[in-house]
Enquirer: 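This is the structure I have questions about; it appears just below.
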Amino acid sequence: MNRIFNNPDFVVEDAVRGYLKAHPDILAATENARVLRRPLAPQKDKVGIVTGGGSGHEPAFLGYVGDGMVDAVAVGEIFSSPSAKAFHDAFVAADGGRGVACLYGNYAGDNMNVKLAVKQAAKHDLTVKTVVANDDVPSAPKDEIKKRRGVAGEILMWKVGGARADEGADLDEVIASAQKAIDATRSIGIGLSPCTIPAVGKPNFSIEDGHMEVGIGHHGEPGVAVMPIKPANEIADLMLDHILPDLPFEKDDDVALLVSGLGATPIMELYILYDRLAEVLQARGMNTRHLFIGNYFTSLEMQGVTLTMMRLDSELDRLLSAPARSLGLTRI
Amino acid sequence: MNRIFNNPDFVVEDAVRGYLKAHPDILAATENARVLRRPLAPQKDKVGIVTGGGSGHEPAFLGYVGDGMVDAVAVGEIFSSPSAKAFHDAFVAADGGRGVACLYGNYAGDNMNVKLAVKQAAKHDLTVKTVVANDDVPSAPKDEIKKRRGVAGEILMWKVGGARADEGADLDEVIASAQKAIDATRSIGIGLSPCTIPAVGKPNFSIEDGHMEVGIGHHGEPGVAVMPIKPANEIADLMLDHILPDLPFEKDDDVALLVSGLGATPIMELYILYDRLAEVLQARGMNTRHLFIGNYFTSLEMQGVTLTMMRLDSELDRLLSAPARSLGLTRI
Amino acid sequence: MTASIAIKDAGGLVVELIEAINANRGWLSEIDGAIGDGDHGINMSKGFTAAGAKLGDPLPSLPDALNTLSETLIEDLGGSMGPLYGYLFSSMADELEGQERLDAEVFAKMMHAAFEGVKEIGSADVGDKTLLDALYPATEAFDEAWRSGKDFAESLDTMSAAAEKGRDATVDMVAKVGRASRLGERSRGVLDAGATSCCLILQTLAKGIKQRMQG
Amino acid sequence: MTASIAIKDAGGLVVELIEAINANRGWLSEIDGAIGDGDHGINMSKGFTAAGAKLGDPLPSLPDALNTLSETLIEDLGGSMGPLYGYLFSSMADELEGQERLDAEVFAKMMHAAFEGVKEIGSADVGDKTLLDALYPATEAFDEAWRSGKDFAESLDTMSAAAEKGRDATVDMVAKVGRASRLGERSRGVLDAGATSCCLILQTLAKGIKQRMQG
Ligand SMILES: Nc1ncnc2c1ncn2[C@@H]1O[C@H](COP(=O)(O)OP(=O)(O)O)[C@@H](O)[C@H]1O
Ligand SMILES: Nc1ncnc2c1ncn2[C@@H]1O[C@H](COP(=O)(O)OP(=O)(O)O)[C@@H](O)[C@H]1O
Ligand SMILES: [Mg+2]
Ligand SMILES: [Mg+2]
Ligand SMILES: [Mg+2]
Ligand SMILES: [Mg+2]
């Protein structure tokens, strides 16, 4: 394992300290070392947006704290939910008096910790409502859609929720828009190599050389199939075959597209993939109105890629277009 | 090799096509498939800024085409100089009538091809002047400074040159500012794992597990020492030990800092490193006025990191602050 | 041998739990690596070690020590283990409230409370290949042994054996919750990490209580 | 056996060069991998193959074929090989201008011109562990063999042997230019990739010329 860290048990602490030193204009500390906030948060009379999750997915989650995005974030260990207290303290850091929308991903740990944190907040009359992202198509069949994991679709959900809150919407309206966003979003990941948590010191799973895992999760959760690597164009087709029929996405749909590397995939390969995705979507009569290509939601140094698509209505389109400024996503 | 491509001999073609489809607002095609330009280029009465280099370093080089940055770029094969014709055609694409500044990195192939291209351009009365970046400290001793490679310092040179051209400066002034920029810049890379060119199909060199190569080049060119990996803090110290005395950087200097991953290094590790860099620079009384952390100049899926520092005077400070908009670097 | 121990002197049981977890850190992660993400030992070790640093000297009473452990897990650890083991230990501590001695009756209640606590927060069922699959048979076995006339120490031995049998039975189960559940049939054939740590915890508790009864 | 070949029928020599490069693509990259970046075979193969596609049918004359190869390398290939081999082949073609037959005199001039062309654009010296270290001894050896009374074919054989000796001598050299030069002493002990491809090219030319003389 050839990696850069000091004490493997404190990589998160060390990295958070670096983030705070590097970006004082975007990230501010709170009393809880595992909670960061926008310098402007809590913003009076705006619904607070909170998220949180395990580390190792940078720029997710803390990189989406910013204007028009997330107000406060709870930071977990590598690939592990933040504590209930961290979520709770993030709620407090984000609350401007109109309640807090906690928009997070569907993982057992996050579910439990958020549940405890929301209970705790209620004791202090802080209203928190939640939307749990479940955009990862291969993680469960459609009739068990509530079991699906949340992946890079969360970013679009935060963008929508953050923009809606900026418009002055109340908590229920923000929650409704964020829920609509994730309900209209589908993702799939392809894994090409595993990753190593520094404290573990060895890869968290294995993929045979020359093979790819279709439907892999952000922590290496197994996918639906392992097969010899196909050419980029066929990988693109395969990914679309999984997500297009699931929503379904159809002719004349306006869509947002997010292609994210999992960490170690060369950026040029994302563009090789996009070249085909664009071709197919155009041939199918879909209209890509928002496009994000890069390392938006990673898994340490895993190789692979995720594709996320959202079907837009005029509201989602408007909210995705609204200005935002965070480390991971900026709209001017 | 678990990677995403179609024909390994056409990864550059396929990726360039993807870039053009993805970012029509930032990148425009030219008649030469290996030359991209800003949609606004050639801009009348502005000195044109051109760069070029091998592919596999994304977002370098094409990701720095944009307003306030580079007007046209010549795109080479993976890790291989663009052809003389590509450089020449990029000059033509960038020329708004006041000449072209070709700001590129010191590699044998680039030197030869630029030399041929400049000759060719002169035949058509197109004046091209060059600055060749040589910021990579470990690549040659100080008394052979002209032999040093150009690495991520090129990005800061493009930013300075692009901003100066935007101010309406003439060719000699742009060249002088870009030269000043690179003369005030020092870099060093640490390599932790090799990378694989798809068409080669196996790693381009090897680093023993648990070891790091100090002073490694962007194509895996050997560094000055291979040693067991040190903790992040010691890596930071070691990097500073190489570059601070070389310029030298001193107390009360205003500096710009760029920490770039080589492709597969998790972003959080760059921040772990930065945490220490910031501490040392502050202790030494230096003032970091511009900071860039991320995958700014990569080497496919290599693991490792480069550190680049520029000592600022008021002109360089002003030019780095000027607005810019490109895929790799945006300043509002 | 007395059939109970003094609660206020038994805070050391938590120290022994911490030691047991740290000693098995690598093994627990390895088990988690087969069908999970390979961090169970790290998670547990980090949480338990952090709690250890807060126990203080002299050691607090058993319920205070359990509560310190629980709070540290819930507040600082996160993950799944924070809430799950946090609830497990606070539920145990709750049953010690108002007690001076830990005897078989109290221990039986602690086990039931622990089981209910984990079940409530985690919404998993027995058979889902989780730590419940060590906890539940252990709870039942202790009850039955005690009711059938075995003494406290013998009942603890029966419980330890049942925990181990429960743990080993997870090999044949298909995971229904947690990360491993996405594997479906492919999750069969290996131990569950949480059941393994739970078995370890229960056996360490049993051993520590028995030692204190002898002392 | 005649001591010259008809230039206008000899465009096939370039086809043979392309075939030789493609057949050795992997080997050339492997050599480059030891102290360079492992792409020499890929670079050469891509450039030469692209030129092959432009040669047309029927094949052009030797100088036209060499110029097509040169232009393709310079215009399309890039890297170091584009300019270096581009100049090498255009310099050779220049010496064929106005000639009808390629004999030993003309070939000697081609070799000298090739050497000067590569030296000019690359600014490397003999002994720097580059393709010059195959090209220079080959040029000298051909000259000397011809001057000492050997016939064209024998002189070509002498040249081929010298190119190979020059190539092998790069093993003991320390690279002074190109990527490998950063290795310093560590660049000693292995072949230079460019010298290897250059030797291959010269030997393929020699063999092709000899065959045409027999035919
Ligand atoms: N809902 C649940 N109820 C009980 N135990 C659970 C539940 N979800 C997961 N577990 C247990 O957690 C263990 C994994 O723990 P750990 O690896 O520390 O967390 P994570 O899965 O977040 O990496 C599993 O082996 C399983 O026993
Ligand atoms: N200045 C030069 N003059 C002559 N030959 C050179 C020069 N620079 C490099 N070479 C040759 O180029 C070869 C490497 O070619 P190649 O691998 O295709 O290019 P790159 O180094 O750009 O990857 C070296 O082995 C050497 O023989
Ligand atoms: Mg985990
Ligand atoms: Mg090369
Ligand atoms: Mg785990
Ligand atoms: Mg090479």
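Everything quoted here is computed from the prediction, not taken from an experiment. We name chains A, B, ... by the order of the sequence lines, and we start the count at 1 in each one.
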Enquirer: Is it the side chain or the backbone of A:Phe205 that comes within 4.5 Å of chain C heavy atoms, both, or neither?
Expert: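 Contact with chain C: none, neither part.
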Enquirer: With a 4.5 angstrom heavy-atom cut-off, could you sort out which part of C:Asn43 is near chain A: side chain, backbone, both or neither?
Expert: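 The side chain, not the backbone.
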Enquirer: Starting at CD1 of A:Ile78, measure out to CG of C:Asp39 and round the result to the nearest 0.5 Å.
Expert: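 The distance works out to 10.0 Å.
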Enquirer: Output the option from C:Gly26, C:Ser45, C:Gly82, C:Pro83 having the highest count of non-hydrogen pairs under 4.5 Å with chain A.
Expert: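 Most heavy-atom pairs under 4.5 Å with chain A: C:Pro83.
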Enquirer: Roughly how far apart are C:Asp76 CG and A:Glu77 CD, rounded to 0.5 Å?
Expert: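 Reported value, rounded in 0.5 Å steps: 10.0 Å.
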Enquirer: List the atom of C:Arg25, the atom of A:Ala199, and the distance in Å for their closest heavy-atom pair.
Expert: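 In this case the closest contact between C:Arg25 and A:Ala199 is NH2-O, 3.6 Å.
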Enquirer: Is C:Glu71 close to chain A through its backbone or its side chain, or both, or neither, when contacts mean heavy atoms under 4.5 Å?
Expert: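 Neither part; nothing is under 4.5 Å.
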Enquirer: Report which part of C:Ile42 has an atom under 4.5 Å of a heavy atom belonging to chain A: side chain, backbone, both, or neither.
Expert: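 C:Ile42 touches chain A through side-chain heavy atoms alone.
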Enquirer: For the residue pair A:Lys115 and C:Glu120, what are the closest heavy atoms and their distance?
Expert: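 So the two residues come closest at NZ-O, 4.0 Å.
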Enquirer: If you draw a 6.0 Å radius around OH in C:Tyr136, do more than 12 non-hydrogen atoms from other residues or ligands fall strictly inside?
Expert: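 No, because the 6.0 Å sphere around OH of C:Tyr136 holds 12 heavy atoms or fewer from other groups.
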Enquirer: Would you find more than 12 non-hydrogen atoms of other residues, nucleotides or ligands less than 6.0 Å from C:Lys54 atom NZ?
Expert: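 Atom NZ in C:Lys54 is crowded, with more than 12 foreign heavy atoms closer than 6.0 Å.
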Enquirer: Compare every heavy atom of A:Met112 with every heavy atom of C:Ile121, then report the nearest pair and how far apart it is.
Expert: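 The pair with the smallest heavy-atom distance is O-CG, 3.6 Å.
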Enquirer: Which atom pair, heavy atoms only, marks the closest approach of A:Ser80 to C:Gly79?
Expert: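 Looks like OG-CA, 3.1 Å.
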Enquirer: Please determine whether the number of non-hydrogen atoms from other residues, nucleotides or ligands lying under 6.0 Å from atom NZ of A:Lys142 exceeds 12.
Expert: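 Yes, because the 6.0 Å sphere around NZ of A:Lys142 holds more than 12 heavy atoms from other groups.
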Enquirer: Which atoms of C:Ser123 are under 4.5 Å from chain A, going by heavy atoms: the side chain, the backbone, both sets, or neither?
Expert: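 Side chain of C:Ser123 only, per the 4.5 Å heavy-atom cut-off to chain A.
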Enquirer: Tell me which of these, A:Ser81, A:Ala84, A:Pro194, has more heavy-atom pairs under 4.5 Å with chain C than the rest.
Expert: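 So the answer, after comparing A:Ser81, A:Ala84, A:Pro194, is A:Ser81.
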Enquirer: Would you name the heavy atoms of A:Ser83 and C:Ile74 that are closest together and state the gap between them?
Expert: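 Result for this residue pair: CB-O, 3.4 Å.
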